[in-house]
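To keep things clear, I will list the structure first and then write my remarks on it.
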Amino acid sequence: MKDFDLVEIFESLQGEGRNSGRPAVFVRFAGCNLACPWCDTDVNRRFSLSLNDLLDEVSSYRPKSVVLTGGEPTLVQGLPELVAGLKRKGFWVAVETNGTVDSPILGFVDYVSCSPKAEYPDSIAISSADEVRVVASGEDVAAFCKTVREKIAATDYYVSPCDRDGKIDFATAKSVLSQLDGWSLSVQLHKLLGFR
Ligand code: SF4
């Protein structure tokens with residue numbers, strides 16, 4: 001099997017959504033199929049690991065929760081084998097996806113967090129998730145949120161403030177939320193509190 005292309009692996013607390021504050025190991029895969037103009041994530045490959053080495057690395061941390069993120073993890077070849085290996089080791093496994101790939105593996109993980117992007121309104125391919133988070137990158141995002149709610153069944157729907165070059169835009173998030181019912185604010189705790 002091809003090695004996994006990775007950006008970083010680190011232990012932290014989940015900073016967003018329903019699992020905010022949950023200790024977890026974060027595995028950030030390289031590569032993304034979108035190019036959001038405000039993206040602050042470096043998705044360039046920094047190193048590669050085999051399946052066994054990646055499982056060993058994740059297991060070397062204390063938390064038994066792992067968040068597979070990116071980039072776009074559903075594009076990663078070998079993701080089913082990785083998820084199976086993590087489940088065999090007793091991990092709670094979450095995937096953070098932009099929702100553009102309807103990957104069968106999303107049905108086999110413990111938690112799916114989908115963050116569809118208003119800049120790519122026609123790219124939504126999945127129909128369910130545990131939580132949905134939409135970045136309030138502009139006032140018109142409220143209309144996109146309404147479309148998202150029709151397309152993706154989820155338990156929780158969140159609006160996140162947009163972060164442009166370290167400036168967190170709460171005002172637009174608040175304005176977007178005021179136009180919606182059943183959506184909540186998801187603050188990025190790691191940015192507010194200054195942890196990774
Ligand atoms: S989907 Fe996420 S990682 Fe990909 S470009 Fe958009 S913000 Fe960046």
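Residue numbers count from 1 along this sequence. When a ligand or atom number is given, it counts from 1 through the structure's own listing order.
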Nearest 0.5 Å, what's the OG-CD distance between Ser50 and Glu57?
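It is 11.0 Å, given to the nearest 0.5 Å.
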
Who are the residue neighbours of ligand 1 when the rule is a heavy atom under 4.0 Å from any of its atoms?
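Cys32, Leu34, Ala35, Cys36, Trp38, Cys39, Gly71, Asn98, Lys117.
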
Check for me, please, whether Val134 and Leu34 land in the same ILVMFWY cluster - side-chain distances under 4.5 Å, paths through other members count.
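Different clusters.
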
For the residue pair Tyr111 and Trp92, does the interplanar ring angle fall in the parallel (under 30°), tilted (30 to 60°) or perpendicular (over 60°) class?
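Tilted, since the angle between the ring planes falls between 30° and 60°.
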
Given side chains that start at C-beta, do those of Leu55 and Arg88 come closer than 4.5 Å, heavy atoms only?
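The answer is no; the side chains never approach within 4.5 Å.
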
For Arg133, is there any backbone N or O sitting under 3.5 Å from a side-chain donor or acceptor partner on Ser115?
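Confirmed, Ser115 side chain pairs with Arg133 backbone.
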
Mark yes or no for whether Arg164, through its side chain, and Ser137, through its backbone, hold a donor-acceptor pair below 3.5 Å.
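Yes: the side chain of Arg164 pairs with the backbone of Ser137.
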
